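So the structure is just underneath, and the comments pick up after that.
When a residue number appears, it is its place in the shown sequence, counting from 1. Read the numbers this way: they start at 1 and go in the same order the structure lists the ligands and their atoms. Since the structure is predicted, the reported quantities are computational estimates derived from the model, not experimental observations. Computation of the quantities below employed the complete heavy-atom set of this structure, encompassing side-chain atoms and omitting hydrogens, waters and symmetry-equivalent molecules.
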Amino acid sequence: MKGRLIAIGDIHGCHREFEELLGKLELEKHDRVVLLGDLVNRGPDSAKVIALARQHARLSLLGNHELRLLNYRKTGDPTHLKKNDYDTLKQLSHHDWAYMSAMPLTYHDAGHRVVLVHAGFLPSPAWHRQPARIVTRIQVVAKDGTALKRSEDPSAPHWSEVWNGPPFVVYGHTPRTEVVRLKWSLGIDTSCVLGGSLTACILPEKRIVQVRAREKYYQP
Ligand SMILES: [Mn+2]
């Protein structure tokens, strides 16, 4: 396939950093930009990020933040909403909801033997059989084999440490100060909304392009 495959990590409403990164990438006609989910919440303007995504990205994958908003829209049950989700709800248009509803869980590039996903995978079953509640949320793998958040079991290994591909997986969701590159995975959520940076990974070279966050927008 012609052009570059470019994965971009968690944007979380940081539209200025996203725009700057798109400029820095000097996109060409055949490039495929894939956003790794969590476009929304926490940062300054979720709707602007979706507008930019619609314009410049080939597609965006489902993150746990989009999943949470979509579940709320479907059920009307606000139990799982967080405080700053309400700011996002005010910003979203009918078009934005349609865009979020169409987000797939994974993007498989068979030519490059790479899979893009928001959070990650359990070692089994096969990656393409794992449901949204795992692939949009997993950080660590508990002793009994279940997928958990880091905070739920801080001593459990990160899923990437027990992932022996193929395929090679590029993911976001676990915010860190730097990209984490292992034999079979690359984590590119570099904490933009927390004042870190926004990261793009150009495949197949795995070249990293970053922009610094202009400020710290969110305190966990
Ligand atoms: Mn996430």
Side-chain angles (χ1 to χ4, degrees), residues 7-15 17-18 21 33-47 49-50 53 57 59-73 80-89 91-92 96 99-107 115-122 127 130-142 146-154 156 158-161 163 169-180 185-201 213 216-220:
I8 296 180
D10 305 38
I11 302 169
H12 278 305
C14 298
H15 63 99
E17 288 81 357
F18 183 28
L21 184 60
V33 172
V34 177
L35 309 183
L36 297 187
D38 282 2
L39 281 62
V40 301
N41 289 345
R42 297 182 170 173
D45 200 322
S46 297
V49 170
I50 296 178
L59 81 140
S60 299
L61 302 177
L62 189 72
N64 55 308
H65 283 260
E66 286 86 16
L67 183 60
R68 191 161 80 219
L69 296 177
L70 288 164
N71 281 338
Y72 167 68
R73 196 161 200 245
H80 301 288
L81 289 186
K82 310 248 162 105
K83 210 173 79 196
N84 53 64
D85 294 9
Y86 291 94
D87 299 331
T88 308
L89 292 175
Q91 292 168 0
L92 298 180
D96 300 329
Y99 187 82
M100 293 201 300
S101 312
M103 288 178 170
L105 295 181
T106 55
Y107 182 80
V115 171
L116 313 182
V117 66
H118 178 60
F121 300 110
L122 284 171
W127 63 268
Q130 300 186 27
R133 71 187 144 76
I134 292 174
V135 307
T136 69
R137 288 176 207 278
I138 188 170
Q139 287 180 326
V140 300
V141 181
T146 54
L148 297 177
K149 296 204 290 186
R150 255 188 316 201
S151 56
E152 292 170 323
D153 189 350
H158 193 261
W159 73 268
S160 61
E161 293 164 33
W163 176 257
V169 178
V170 182
Y171 66 97
H173 184 61
T174 302
R176 296 158 164 141
T177 52
E178 289 298 331
V179 300
V180 171
S185 66
L186 180 61
I188 63 167
D189 180 358
T190 44
S191 315
C192 186
V193 78
L194 308 174
S197 55
L198 184 63
T199 297
C201 170
K216 191 181 213 170
Y217 300 101
Y218 180 77
Q219 185 81 50

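- The N, O or S atom of D38 lying closest to the Mn ion (ligand 1) is OD2.
- For the residue pair H65/N41, the side-chain donor-acceptor check at 3.5 Å is satisfied.
- Atom CZ of R133 sits in a sparse spot, with 12 or fewer heavy atoms from other residues, nucleotides or ligands closer than 6.0 Å.
- Checked by atom type, the side-chain pair Y171/S185 shows no donor-acceptor distance below 3.5 Å.
- Here the shortest heavy-atom pairing between S60 and L35 reads OG-CD1, 3.4 Å.
- At a cut-off of 2.8 Å, N64 coordinates the Mn ion (ligand 1) through an N, O or S atom.
- Distances from the Mn ion (ligand 1) to each N, O or S atom of H173 single out ND1 as the nearest.
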